[in-house]
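These notes are about the structure you will find just below.
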Amino acid sequence: MAKKHIPYDQKYYDPEIECASREELEALQLENLKEELVFAYENAPYYKRTWDEAGVDPYSVTSLKDLEKFPFIAKQTERDTQGVGSFFGELCAVPEDDVVYMATSSGSTGVPTMSPFNQKDFDDFMDAESRLFWQAGMRPNDRYLHGMNFALYVGGPCVIGAQNLGALGIWVGAVPSDRLLWAMKHYQPTFFWSSPSYAWLLGQKAIEKGYDPKVDFASLKTIIISGEPGGSIETTRKAIEDIWDASVYDFFGLSDIYGACAAMCEHKDGLHLIEDQILVEVINPETGEVLPEGETGEIVYTTLKKHARPMIRFRSGDIGRINKQKCECGRTTTRIYIQGRRDEMFIVSAVNVFPSDIEYVVRNDSGLSGEYRIRVYDQNYTTKYEVSVERVFGSDEPFDEVARRVENELKTHCGVRPAKVLVFENGKLGVESEHKASRFIDERKKAE
């Protein structure tokens, strides 16, 4: 994919798409959807078989609403079809010889799934990354340090999207903190991409090593974070911004489609979706009914251009809502707001609680380090949760006072009090991660 030359002062990377009217966007989506459905039906064995069984006809689609007739797929569909009939399996719609790149999921919820791309898919992917980088303020004179994992992770190649708009790509990847801080100090990047956990942790490591992040890394003006829900939690973003004195932008992607397919603009009100390439729906998680704009449910994605593995009505497992109204930035593309994972939501005393609700409280408490762990379990036929936190470095506030304060803050914000709050000294909780942290322990299935 050739480098795209855009004037530095041009606000939008692709104004014809980003600022199109809703009617124009939906007309483009319908055109692409028709082609995608026919291509998937004619080339992917899974879609041919299941659509015939469901009695749906990809050749007769005349409106976006017709998509609702088609069955859903999910992560389990990928696992069940992977390797069946061919290396990439029954969802793949091109010969293996046409595949030029593959990523895999982390496997955190089961067997890792492969995500194949042909050359056109990959070029569209990189163009999407360039658009989102430009939206976050990146320009050809920027230095971009990519701090995400390159090992089969779909976010690894995103650095090429920065290079394609003309920025300097610094391919650091997942390296120990010392090495990353050295690179940041010597190469003075203006942009940096990491997970929310690691962006915050790296700031703490820098301070421990005697750096003042605001001074020693003053070149850094923008931090992109992804891979965890924290990027859309205001208190988490603010905690990272306060350490680095840099603006934080949340990016969202999923290995099933692209490394990043939605991101914040400067107004940070939701994440703009690459809507010419991906169609989004929100459904009732129990019934599958499509919900009106603004209502909260499970987010479903359909690719509109991807050929190596078309994803038609993919149930992401993310709970959130969408907003199709024009943003203050001038973009008209749909914005998504993700509340959390369906499989991580728990109900206590009839109140729905997400880990993001708890993170909001922990990151907003100046007496806490910001690290936390959640444990959910069943007791006497009811669901309970406990939260472990750390005192901020240097604090001598009594542990019981910290616990009582946090209990009250959680009750106020989440609507239900935790069974217990455990307080640790700074650095003793043990959830620190060089990259993506795991803070949610679900023991409900182990209960007798």
Say whether T236 and W200, considering side chains only, have a donor N or O and an acceptor N or O under 3.5 Å apart. no
F133 ring centre to R131 NZ or CZ under 6.0 Å, with the angle to the axis within 45°? no
Has R331 got a side-chain atom pairing as donor or acceptor with P15's backbone, closer than 3.5 angstrom? no
Assess, by modelled atom type and distance only, whether the side chains of E129 and W134 contain a donor and an acceptor separated by less than 3.5 Å. no
Distance under 6.0 Å and angle within 45° of the ring axis: does K221 meet both against F191? no
Distance-only, no hydrogens or angles: does the R373 side chain make a donor-acceptor pair with backbone N or O of S388 under 3.5 Å? no
Can a donor-acceptor pair be found between the side chains of E36 and T303 at a distance below 3.5 Å? yes
Member of H272, E275, K324 meeting the side-chain hydrogen bond (donor to acceptor under 3.5 Å, both in side chains) criterion with T334: E275
Within the 6.0 Å centroid threshold, strictly below: Y301 and F314: no
Would you please classify the geometry between the Y360 ring and the H413 ring as parallel, tilted or perpendicular, with 30° and 60° separating the classes? parallel
Within 45° of the ring axis of F70 and under 6.0 Å from its six-membered ring centre, is that where the NZ or CZ of R313 lies? no
Would you say the side-chain atoms of S130 pair up with the backbone N or O of N164, donor to acceptor, closer than 3.5 Å? no
Taking side chain as C-beta onward, heavy atoms only, is L304 less than 4.5 Å from D276? no
Any side-chain to backbone donor/acceptor pair from S105 onto S255? Under 3.5 Å, distance only. no
Ring of F117, cation from K306 - is the NZ or CZ under 6.0 Å from the centre and inside 45° of the axis? yes
Do Y13 and Q135 have side-chain N/O donor and acceptor atoms under 3.5 Å apart? no
Please tell me whether E293 and Q325 have a donor and an acceptor in their side chains that are separated by less than 3.5 angstrom. yes
Only pairs at least two apart or in different chains count here, so list each ring-ring contact (aromatic ring centres under 6.0 Å, His included) that has a residue in residues 330-354. F346-Y385
Set of residues satisfying ring pair (Phe, Tyr, Trp, His ring centres under 6.0 Å) with respect to W182, sequence neighbours excluded: H186, Y187
